*Asks:* 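Can you keep this structure in mind? I'll have questions shortly.
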Number of protein chains: 2
Amino acid sequence: MSIHNPPVVLCFSGHDPTGGAGVQADIETLSGLGCHACTVVTALTAQDTANVRFLWPQQMDDFLEQARLLIADLPIDVVKIGLLGSAEIASAVGGLLEKELAGIPLVLDPILAAGGGRELARADLIEVIKTALLPKTCVLTPNIPEAQKLTGALDPEDCAAELLRLGCRHVLITGTHETRGNVVNRLYGPKETVHWQWERLPHEYHGSGCTLASALAAGLALGMTVEQAASQAQAYTWRSLEAACSLGRGQRLPRRSILSPVA
Amino acid sequence: MSIHNPPVVLCFSGHDPTGGAGVQADIETLSGLGCHACTVVTALTAQDTANVRFLWPQQMDDFLEQARLLIADLPIDVVKIGLLGSAEIASAVGGLLEKELAGIPLVLDPILAAGGGRELARADLIEVIKTALLPKTCVLTPNIPEAQKLTGALDPEDCAAELLRLGCRHVLITGTHETRGNVVNRLYGPKETVHWQWERLPHEYHGSGCTLASALAAGLALGMTVEQAASQAQAYTWRSLEAACSLGRGQRLPRRSILSPVA
């Protein structure tokens with residue numbers, strides 16, 4: 001019996017017990033799109049669907065032990081980074097990208113705050129993201145507030161120009177944090193800017209950014225171009241939000257399980 | 001737009017970076033079978049597809065903080081327990097089952113050793129499983145070595161009798177650890193014993209027990225009887241193993257993503 005192995009995406013993400021965001025978003029999305037997810041937890045969290053309450057970043061040595069054993073065993077096609085939790089963990093990830101993971105395409109979702117508002121990245125972590133991770137990033141997926149915080153610029157065009165100058169090859173800036181009109185997402189990179197418009201959905205969602213970045217990583221792992229991957233990732237994410245379920249008192253949880261693969 | 005919310009299964013499990021076992025097995029299985037998984041990590045591990053190398057159980061207070069916030073927010077239909085990691089975490093889980101989770105059906109997969117052989121439960125943890133968790137268990141899913149270790153008996157019939165005496169309502173003893181012939185799984189409980197035979201697959205697999213217990217929990221959450229849930233869980237697991245992929249140097253990884261729901 002011949003075995004067709006799926007591509008493997010390595011995710012460095014936080015763990016969210018509610019199942020909306022973090023490693024669960026990665027796992028459900030990648031699995032749903034035909035990839036094998038493997039994950040190293042950067043931080044455990046206590047949270048509900050309303051907000052993140054506590055964050056426990058891993059110890060750097062333990063984190064590296066877990067990551068190195070995994071990388072030595074599985075053939076990684078794409079790396080996806082979500083919540084990092086601490087500057088130490090971010091530096092450790094930077095070291096892995098420099099050495100064990102050199103040359104493997106990287107999708108970086110720069111999570112700086114929880115949907116409920118809690119700040120999730122101190123100044124020292126933001127500095128490591130800018131100096132050690134952005135230059136190794138194939139696609140960065142900030143929302144507008146994240147793009148602004150990373151650059152100090154206000155206008156999305158200016159943010160994108162500065163992020164590209166810092167070294168990432170493509171930036172997909174999402175417009176979900178605007179309050180009205182259609183959601184406009186823009187992909188900036190070496191070629192002309194591409195934009196997509198999506199009907200704005202009426203609720204708030206727990207893990208939409210994680211879903212988008214993972215779906216984009218899946219597309220790259222499956223051999224799509226950045227533009228194709230960005231396009232199918234938005235379609236997948238939009239459908240998971242449209243089908244989201246309302247289980248807790250806070251934001252809705254994306255429903256990724258009932259979606260048939262787009263790829 | 002009306003929302004049909006899926007049933008929710010709360011999993012207390014270890015985290016396995018390879019994605020074969022632990023929370024990832026829970027998430028992929030439950031999501032694939034139409035449930036929403038929420039997970040509280042009992043222990044982080046460093047492992048590859050060959051064996052578990054290190055185990056870091058959570059601190060009890062952090063674990064309880066994460067679990068209580070989640071339980072207060074999401075409506076839990078079924079609880080599934082996998083790797084516990086320490087007697088302290090097992091006791092904390094026992095306390096939650098006594099109070100916040102009282103009356104909710106429990107599937108307990110008593111993980112005592114890794115597939116690669118590493119012991120994962122010391123004597124004090126086994127004692128807590130027997131005294132605090134077994135009496136609250138609806139379905140226990142040991143393999144034969146686990147059933148023997150929990151009871152001191154040798155014959156599966158004797159093991160089952162002792163496990164039922166200790167207080168769990170049903171015991172599904174799996175025969176995958178035998179070395180030849182078909183795999184025979186037996187469900188013991190208040191009514192007559194039911195058994196199933198499955199063609200023995202030629203390889204070793206990383207996370208087959210987690211997949212089985214999660215699929216069983218999914219069945220209960222979807223309203224099946226214990227016998228129905230046990231039957232579909234075995235079929236789902238067998239198919240995920242038959243389709244398993246060979247990505248690492250050790251055991252194969254179950255492939256749960258390409259399976260259509262059985263339910």
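Quick caveat, the model's predicted, so the values are computed rather than measured. A, B, ... follow the sequence lines: proteins, then strands. Residue 1 opens every chain.
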*Asks:* Considering only heavy atoms, which portion of A/Val8 lies under 4.5 Å from any heavy atom of chain B: side chain, backbone, both, or neither?
*Replies:*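 Answer is side chain: those atoms of A/Val8 sit under 4.5 Å from chain B.
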*Asks:* Could you tell me which of A/Thr39, A/Leu70, A/Leu253, A/Asp48 has the largest number of non-hydrogen atom pairs under 4.5 Å with chain B?
*Replies:*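 Going by pairs under 4.5 Å, I would pick A/Thr39.
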*Asks:* Side chain of B/His36, backbone of A/Thr18: donor and acceptor closer than 3.5 Å?
*Replies:* yes
*Asks:* Would you indicate whether B/Gln59, at its atom CD, is surrounded by more than 12 heavy atoms from other residues, nucleotides or ligands within a distance under 6.0 Å?
*Replies:*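 It does not: B/Gln59 CD has 12 such atoms or fewer within range.
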*Asks:* Top residue by heavy-atom pair count (under 4.5 Å) with chain B, among A/Pro17, A/Cys35, A/Ala72?
*Replies:*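 Of A/Pro17, A/Cys35, A/Ala72, A/Pro17 has the most heavy-atom pairs under 4.5 Å with chain B.
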*Asks:* Work out which heavy atom in A/Gln66 is nearest to a heavy atom in B/Leu44; give both atom names and the distance.
*Replies:* NE2-CB, 4.2 Å
*Asks:* Keeping A/Asn5 on the side-chain end and B/Ser246 on the backbone end, is there a donor-acceptor pair under 3.5 Å?
*Replies:* yes
*Asks:* With rounding to the nearest 0.5 angstrom, report the CG to OG1 distance, B/Asp62 to A/Thr45.
*Replies:* 11.5 Å
*Asks:* In this structure, are over 12 heavy atoms from other groups packed under 6.0 Å from A/Arg118 atom CZ?
*Replies:*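 For A/Arg118, atom CZ is crowded (more than 12 foreign heavy atoms under 6.0 Å).
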*Asks:* Check for a donor-acceptor pair, side chain of B/Asp73 on one end and backbone N or O of A/Thr49 on the other, with a separation under 3.5 Å.
*Replies:*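 A pair under 3.5 Å: yes.
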*Asks:* How close do A/Ala46 and B/Glu65 get, counting heavy atoms only, and between which atoms?
*Replies:* CB-CG, 4.0 Å
*Asks:* Look at atom CD of A/Glu204 and say whether more than 12 heavy atoms of other residues, nucleotides or ligands are closer to it than 6.0 Å.
*Replies:* no
*Asks:* Quick one: which of A/Gly20, A/Cys38, A/Ala67 has the most heavy-atom pairs under 4.5 Å with chain B, could you say?
*Replies:* A/Cys38
*Asks:* More than 12 heavy atoms of other residues, nucleotides or ligands under 6.0 Å from CZ of B/Arg122: is that the case?
*Replies:* no
*Asks:* Could you check whether any side-chain N or O of A/Gln24 sits under 3.5 Å from a backbone N or O of B/Ala37, counting only pairs where one atom can act as donor and the other as acceptor?
*Replies:* yes
